[in-house]
2 protein chains.
Amino acid sequence: MKTKFERILRSLNLKSTPKRIAMLEVLDDEQVYLSPEDIWLRLKKRFRTLGLPTVYRNLEGLFEGGVISRVIHPDRKLYYYLCRNEEHHHHFICMSCRRVEDVRFCAERELQEAVRSGIRGKVLSHILQINGLCHACLKKEGTVHVS
Amino acid sequence: MKTKFERILRSLNLKSTPKRIAMLEVLDDEQVYLSPEDIWLRLKKRFRTLGLPTVYRNLEGLFEGGVISRVIHPDRKLYYYLCRNEEHHHHFICMSCRRVEDVRFCAERELQEAVRSGIRGKVLSHILQINGLCHACLKKEGTVHVS
DNA sequence: TTTCAAATGAAAATTGTTTCTATTTATCTC
DNA sequence: GAGATAAATAGAAACAATTTTCATTTGAAA
């Protein structure tokens, strides 16, 4: 009887270590973007010896495998923060509570077309990220602290 | 008789130092994205004592003032690279020659609309960046080296 | 010219990430 | 279930980009 995460790791040819599973749990539980350090802080109580390099390595592996995705912090310091595991789509990121909403705007195909027709070249990838304040945070104005 | 760059700096309440002017010249001349270090390397022949912190400080100031813009390197290491000075628009970035083309796709407004109608919250900013290979680099295939 | 805030250089500190190596662990095979 | 083996890990150290600090210099306003 394998858990969801064990099956995922298996399919990526990654071993099911307790730490990896715990990382996936954290990312799955909290639907906010988390930095490598955030994840490390959450897990080092449970795993006294967990090191940041391990967190980085595993995030890298999980990202390569397409199990998680990442977004770019729009502030000066552009470290990357991670979450989610669906197919390619875009993100609306709340700068206050860090919650990430998927953006499934129907203009996607038109955008692609427009972009492609205006560019003489090959598109390899694109980044679309919308930064703002979510509905909930807008209401409790004043407490907004963008980090 | 003030030069273009002197007028720009003046309008931002930044002093017209030779180094700032030279930085603007470099960015204006080369229509490719440049890292702080790139700019530093280009200028330290002319200014023996130019330090990287000065380059960082000035880039920051020029960016804040809206005189230059920046793009995000899509590789793992997301340092930022800079260029251009037009109004808000998007970029097609050649991963090989570093050239940046402006993308003025007409679906912009539709995108904005779509995004806004799908999101309950306030949009503060967005990043749209298309990474690929430009027409010229596509032709001389094989020499492509993404850095 | 004098004055003063802004800009700068140089060194050091900070921060985020990666590498290295010896040890441990998950999984495969019997 | 008990080895065998390659992958995963901890811990320390290295690394790279950026920022801070502070004493000195410089641009531009009076």
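Just so we're on the same page: letters track the sequence lines, and every chain starts at 1. From a predicted model like this one, the values you see are computed outputs, not experimental measurements.
Considering only residues two or more places apart in sequence or on other chains, Arg10(B) meets the salt bridge (charged side-chain N to carboxylate O under 4.0 Å, His left out) condition with none of them. Taking Arg46(A) as the reference, nothing meets the side-chain hydrogen bond (donor to acceptor under 3.5 Å, both in side chains) condition, with sequence neighbours excluded. Scored by the side-chain hydrogen bond (donor to acceptor under 3.5 Å, both in side chains) test, Ser16(B) finds no partners at all (sequence neighbours excluded).
Here the shortest heavy-atom pairing between Ile68(B) and Phe63(B) reads O-CD1, 3.4 Å. Considering all non-hydrogen atoms of both residues, Leu50(A) and Trp40(A) come closest at O-NE1, 2.9 Å. Among all heavy-atom pairs drawn from Lys45(B) and Arg48(B), the shortest one is O-NE, 3.9 Å. Residues Phe47(A) and Ala22(A) share a closest heavy-atom pair of CE1-CB, 3.6 Å.
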Report, as a single string ordered 5' to 3', how protein heavy atoms within less than 4.0 Å touch nucleotides 1-12 of chain D: B base, S sugar-phosphate only, - not at all.
-----BSSBBSB

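Atoms CG (Leu62(B)) and P (dA7(C)) sit 11 Å apart, rounded to a whole Å. Atom CG of Leu9(A) is separated from atom C1' of dT25(C) by 15 Å (rounded to the nearest Å). The nearest whole Å value for the distance from the CD atom in Glu60(B) to the P atom in dA7(C) is 13 Å. Between Arg46(B) atom CZ and dT8(C) atom C1' there is a gap of 17 Å when expressed in whole angstrom units. As a whole-Å value, the separation of Tyr56(B) OH from dT14(C) P is 18 Å. Rounded to whole Å, the distance from CD1 on Ile21(A) to C1' on dA26(C) is 10 Å. What separates CE of Met23(B) from C1' of dT8(C) is a distance of 13 Å, to the nearest Å. Between the CG atom of Asp38(B) and the C1' atom of dA17(D) there is a distance of 13 Å, rounded to whole Å.
A donor-acceptor pair under 3.5 Å is formed between the side chain of Arg20(B) and the backbone N or O of Lys15(B). A donor-acceptor pair is defined here as one N or O able to donate and one able to accept, closer than 3.5 Å; no such pair exists between the side chain of Asp28(A) and the backbone of Glu25(A).
Taking 4.5 Å as the limit, every side-chain heavy atom of Leu27(A) sits out of range of all side-chain heavy atoms of Val67(A). With a 4.5 Å cut-off on side-chain heavy atoms, Leu62(B) and Ile8(B) do not count as touching.
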For nucleotides 28-30 of chain C, which of its nitrogen or oxygen atoms have a protein nitrogen or oxygen under 3.5 Å away, and what is each distance?
from, atom 1, to, atom 2, distance (Å)
dC28(C), OP1, Arg10(A), NH1, 3.4
dC28(C), OP1, Arg10(A), NH2, 2.8

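Overall, the helix from dT1(C)-dA30(D) to dC30(C)-dG1(D) carries an axis bend of 40° between its ends, with five pairs at each end and the value rounded to 10°.
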